[in-house]
Amino acid sequence: MISVLANKIAALEGFIQQQTQAAKVTAKLIGRLGGGAIQENWALDLDIDGTVHETVLRADAPSGIAESWGKAEEFALLKAAHAAGVMAPQPLWLEPTGAVIGQPFHITQRLKGSADPRKLVRALEEEAGDALAHELGVELAKLHKVTPASAPKDLSFLPPAPGDLIASRIARFRGQLDRLPEAQPVLEWAINRLEDEAPKYARDTGVVTLCHRDFRTGNYLVLDEKLSGILDFEFAGWSDPYEDLGWFCARCWRFGMAGAEAGGIGSRAAFYAGYEAGGGAFVDDAQVRFWEQMAALRWSIMALEQAERHLGGRERSLELALTGLVSLETEYDLLIDLRLPGFKPAPKKSHGAAS
Amino acid sequence: MKRRPGADALLDAALATLQEDLLPTLTGRQKFLAAMIARAVSVARQDIAGAHESAQAERNSLARLYGQPSDDDLATLRKQLATDIRARKFKPGTPDENKLIDHLVETTAAELRITNTKYLAQRQRGRGAESAV
């Protein structure tokens with residue numbers, strides 16, 4: 001797409017000029033940003049009447065996945081998150097038709113920092129990691145303050161949360177497996193197991209909030225060990241806040257640092273404390289652990305779906321193909337972790353930090 | 001096999017060239033892409049080496065689980081197993097389910113020996129491991 005976008009610079013400048021009513025706009029394509037299995041992100045410097053704005057242009061990858069929102073919806077979600085005080089990049093302009101560069105896109109402020117999960121989990125010492133986990137808890141609590149009743153009209157496209165959320169997620173998992181070409185015995189067993197456990201964890205509180213639904217290490221920016229931005233709102237929707245808490249803590253998103261149970265960066269205690277300090281409800285550890293297993297299952301299936309985007313011929317990508325292999329690791333995790341009482345490993349006699 | 005080099009030797013040579021001669025000279029996205037190619041070739045190499053053995057092991061394990069061998073191909077057998085699991089033919093907490101879990105653990109571990117031995121070893125030692133992608 002680089003050549004495509006490079007050829008559309010004039011059209012892009014015209015679009016920005018129209019949006020801003022500026023006298024002169026010069027766009028400079030800096031390069032592609034990482035983390036683009038589903039999205040394509042481009043660093044773009046826009047000189048608007050002499051002031052340079054560092055921005056990100058975000059367009060859909062050639063074949064998206066069914067669960068993710070399009071650009072217009074993501075733009076509305078970013079606006080809502082930004083308005084709620086979440087450290088999300090400020091949304092600037094939306095082009096929903098595809099007429100300008102050949103596909104819909106939006107442009108946001110470009111925040112500084114790195115999202116690289118593997119470097120991050122290895123670079124952080126315990127104290128800095130806990131501080132970051134705390135900051136992330138605070139940000140998540142801010143997002144969870146947005147409720148269907150308080151939401152801006154812009155979010156009316158979001159379907160209501162299902163009444164029985166766990167049952168609905170489980171039905172969805174089975175539907176996804178039915179659409180995959182190969183049978184998945186391990187995942188079938190894991191779904192049954194979670195279905196059987198669900199009554200213990202089903203909540204009748206009816207708490208439904210705006211959830212990020214991909215809130216994990218790799219989807220936020222860190223600069224000098226401090227949080228500098230929350231990214232990737234393309235899966236957001238109304239849900240139980242525990243779905244986000246569990247997704248963040250799930251083993252598959254610890255990037256090898258299994259002992260740092262909050263996102264591979266810090267302790268659960270620091271993350272939970274941040275969530276509560278940011279105005280979130282008291283965090284019930286048992287609920288989080290249940291949703292971590294739901295997260296493992298969801299990720300396993302998503303990884304297989306990603307591989308199918310390549311294998312089915314929709315988009316040639318070795319990265320997508322290799323993602324399919326990751327599912328095996330999470331399947332093995334499910335086989336171990338789903339058999340632990342309360343999905344909780346037995347306490348170790350000596351406990352090392354983040355190992 | 002008469003032809004030399006065979007598939008395994010060709011993949012070994014390709015992988016060594018990629019890892020020793022090409023990868024150290026690359027940076028940025030090129031390095032990322034080459035590392036992914038190395039990983040793909042390496043998994044394919046392991047797969048060729050162990051494919052026959054692991055397929056036979058899975059068949060044997062399924063025969064133990066169902067109490068009888070079958071001539072169907074593995075994809076069909078897996079589909080049947082998945083259908084039986086969804087139909088709740090293995091009741092939770094029963095010896096049947098225990099046998100099922102043994103089978104699932106064994107076959108998943110066999111796949112991981114091909115795709116990510118390190119992950120398997122670390123998980124079996126009770127520790128986390130880096131995801132390979």
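Here is how names work: the chains are called A, B, and so on, in the same order as the sequence lines, proteins then strands, and each is numbered from 1.
When Gln184(A), Arg254(A), Glu195(A), Glu331(A) are compared by the number of non-hydrogen pairs under 4.5 Å with chain B, Glu195(A) comes out ahead. The choice from Arg29(B), His103(B), Glu97(B) that makes the most heavy-atom pairs within less than 4.5 Å of chain A is Glu97(B). Among Thr107(B), Leu112(B), Leu81(B), Val43(B), the residue with the largest count of heavy-atom pairs under 4.5 Å with chain A is Leu112(B).
Proximity to chain B (any heavy atom under 4.5 Å) is shown, for Arg174(A), by both the backbone and the side chain. Heavy-atom distances place the side chain of Leu100(B), and not its backbone, under 4.5 Å from chain A. Both the backbone and the side chain of Leu328(A) come within contact range of chain B, with heavy atoms under 4.5 Å apart. Using a 4.5 Å cut-off between heavy atoms, Phe32(B) touches chain A through its side chain atoms alone.
Stacking of Arg298(A) on the aromatic ring of Trp247(A) is recorded, both the 6.0 Å distance cut-off and the 45° axial limit being met.
At distances below 3.5 Å, not a single donor-acceptor pair connects side-chain atoms of Arg268(A) with backbone N or O atoms of Glu261(A).
Counting only N and O atoms by type, the side chains of Asp84(B) and Tyr66(B) include a donor and acceptor under 3.5 Å apart. Judged purely by distance below 3.5 Å, without hydrogens or angles, the side chains of Tyr332(A) and Asn116(B) never pair a donor atom with an acceptor atom.
Taking the six-membered ring where the residue is Trp, Tyr201(A) and Phe343(A) present tilted rings, their angle falling between 30° and 60°.
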Determine, step by step, whether Phe271(A) and Asp130(A) satisfy the side-chain contact (heavy atoms from CB on, under 4.5 Å) criterion, reporting the C-alpha distance in whole Å, the side-chain angles of both residues, the deciding distance to 0.1 Å, and the verdict.
-> CA-CA 7 Å; Phe271(A) 179 57; Asp130(A) 278 350; over 6 Å; no
